[in-house]
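Chain identifiers are assigned alphabetically (A, B, ...) following the order of the sequence lines, protein sequences preceding nucleic acid strands; residue numbering begins at 1 within each chain.
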Protein chains: 2
Amino acid sequence: MTEPSQHPSETLVERARAHLRASGMRWTPQRRLLVEVLLSTHGHVTGSELVERCRAIDPDTTPSTVYRSLDALEGLGLVRHSHGHDGVEEYHVLPESVHGHLRCEACGGTWDISEAEAQALTQALAGARGFAVNLSHLTVVGRCAQCPPVVATAEPELADAEP
Amino acid sequence: MTEPSQHPSETLVERARAHLRASGMRWTPQRRLLVEVLLSTHGHVTGSELVERCRAIDPDTTPSTVYRSLDALEGLGLVRHSHGHDGVEEYHVLPESVHGHLRCEACGGTWDISEAEAQALTQALAGARGFAVNLSHLTVVGRCAQCPPVVATAEPELADAEP
DNA sequence: TTAAATGCAAAGGGTTTGCACCGGA
DNA sequence: TCCGGTGCAAACCCTTTGCATTTAA
């Protein structure tokens, strides 16, 4: 995976263009902008965030174009979407390797979960149920090491009132 | 309308009422209906599904009331919500035990994941990262044993074009 | 040339909110 | 009585769609 001369993302933009054109789709300024924004993105972004970011660069950006382009790019496998913490669609870019996500519900931080790290889960489920985990759709929510643990939720506990 | 019957849900409705009243909240026909609908619910329901189901029984049901009551009940710990497959909020009732969910992306079936079953994952993440998994927010997507495995996604593979 | 993409504006679906009235406790 | 709840309608947010126009190839 060594790119000889240029910025890695430079190459990726190039590839995105090639992919689009190879599929009979067109390489437009709007799509180029979107691809660049996507490539400058670390973890996940929601559709509306992408609209914003594109607009920050080109104020003429239109939501419909962004969403349609996102669709197109997704069809080519350049981006993928999953469901986010609040039920918002989230896109993430170029999954070089299949991985899941970890999100801290306190600080909002996110990290990747590698296949190796998820192995404990995938194997457990495969063994017990014959269930094949789709790692790219896995988001694990909880508390990261930096955030204080939950402070005794003071919960009514309806279900356990039973003697 | 007080049946001295011993349907388990009968008891739970009673408890829900007690909980509400203990918190200074009121027990209204609308809330009673919602609680009954919730208790007759197996897995998860979306807010709008709940609105529908309530409307099926009482056509005068109003969305705003349902959502507000859902909020109230959630505040008491009687229901919990998580994010669903398409990013829709999903409620599930009375989590007697904390558990996650398993969803087959082919047949749409869902199952619970017990703490024991998730232990492999939670321990792995706790050990490696000090991350405390919130099991009730865990949804694992994949293929169940009954559904055929994915048939070679024929994916463009942008990220790794050549060896 | 010519079909694909764009931009606009309007629709859509689920959820939320403001406000006056209603009704549990 | 009194404050929480209800109902209605309108607002909202994000996303999608129809259609005429533009534009990449």
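- For A:T65 and C:dA5, the shortest distance from a side-chain N or O to OP1 or OP2 is not below 4.0 Å.
- Looking at which nucleotide of DNA chain C each of B:D71 and A:G24 is closest to, the 5′-most match is held by A:G24.
- One atom, CG of B:L50, and another, C1' of C:dG14, lie 13 Å apart when rounded to the nearest Å.
- Residues forming a salt bridge (Lys or Arg N to Asp or Glu O under 4.0 Å) with A:R129 (at least two apart in sequence, or on another chain): B:E117.
- Counting to the nearest Å, the P atom of C:dA4 and the CD atom of A:Q30 are 17 Å from each other.
- Separating the CG atom of B:L33 from the C1' atom of D:dG5 is a distance of 15 Å, rounded to the nearest angstrom.
- Remark: B:T62 is not in phosphate contact with D:dG5, judged by side-chain N or O atoms under 4.0 Å from OP1 or OP2.
- Partners of B:R26 by side chain to side chain donor-acceptor pair (under 3.5 Å), not counting sequence neighbours: none found.
- In this structure, the side chain to side chain donor-acceptor pair (under 3.5 Å) partners of B:R68, at least two apart in sequence or on a different chain, are B:S64.
- Rounded to whole angstrom, the span from the CZ atom of A:R32 across to the P atom of C:dA5 amounts to 17 Å.
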Discussion item. Does A:R31 form a side-chain contact (heavy atoms from CB on, under 4.5 Å) with A:M25? I'd like the steps, not just the answer.
Written reply: CA-CA 11 Å; A:R31 288 185 174 177; A:M25 310 178 99; 3.9 Å; yes
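- Here D:dT16 presents its C1' atom at 13 Å from CG of A:L70, a figure rounded to the nearest Å.
- Summarising the geometry, the separation between CE on A:M25 and C1' on C:dT2 is reported as 17 Å, rounded to the nearest angstrom.
- Between the CG atom of B:D60 and the C1' atom of D:dG5 there is a distance of 16 Å, rounded to whole Å.
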Pairs under 3.5 Å (N/O, protein and nucleotides 17-24 of chain D):
{"unit_1": "D:dG18", "atom_1": "O6", "unit_2": "A:R68", "atom_2": "NH1", "d": "3.4"}
{"unit_1": "D:dA24", "atom_1": "N3", "unit_2": "A:R26", "atom_2": "NH1", "d": "3.3"}

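- In terms of modelled atom types and a separation under 3.5 Å, the side chain of A:E52 and the main chain of A:E49 share no donor-acceptor contact.
- Take A:T61 and apply the side chain to side chain donor-acceptor pair (under 3.5 Å) test, not counting sequence neighbours, and it matches no residue.
- Here D:dG4 presents its C1' atom at 12 Å from CG of B:L20, a figure rounded to the nearest Å.
- Listed by chain and number, the residues in a side chain to side chain donor-acceptor pair (under 3.5 Å) with B:T65 amount to none (sequence neighbours excluded).
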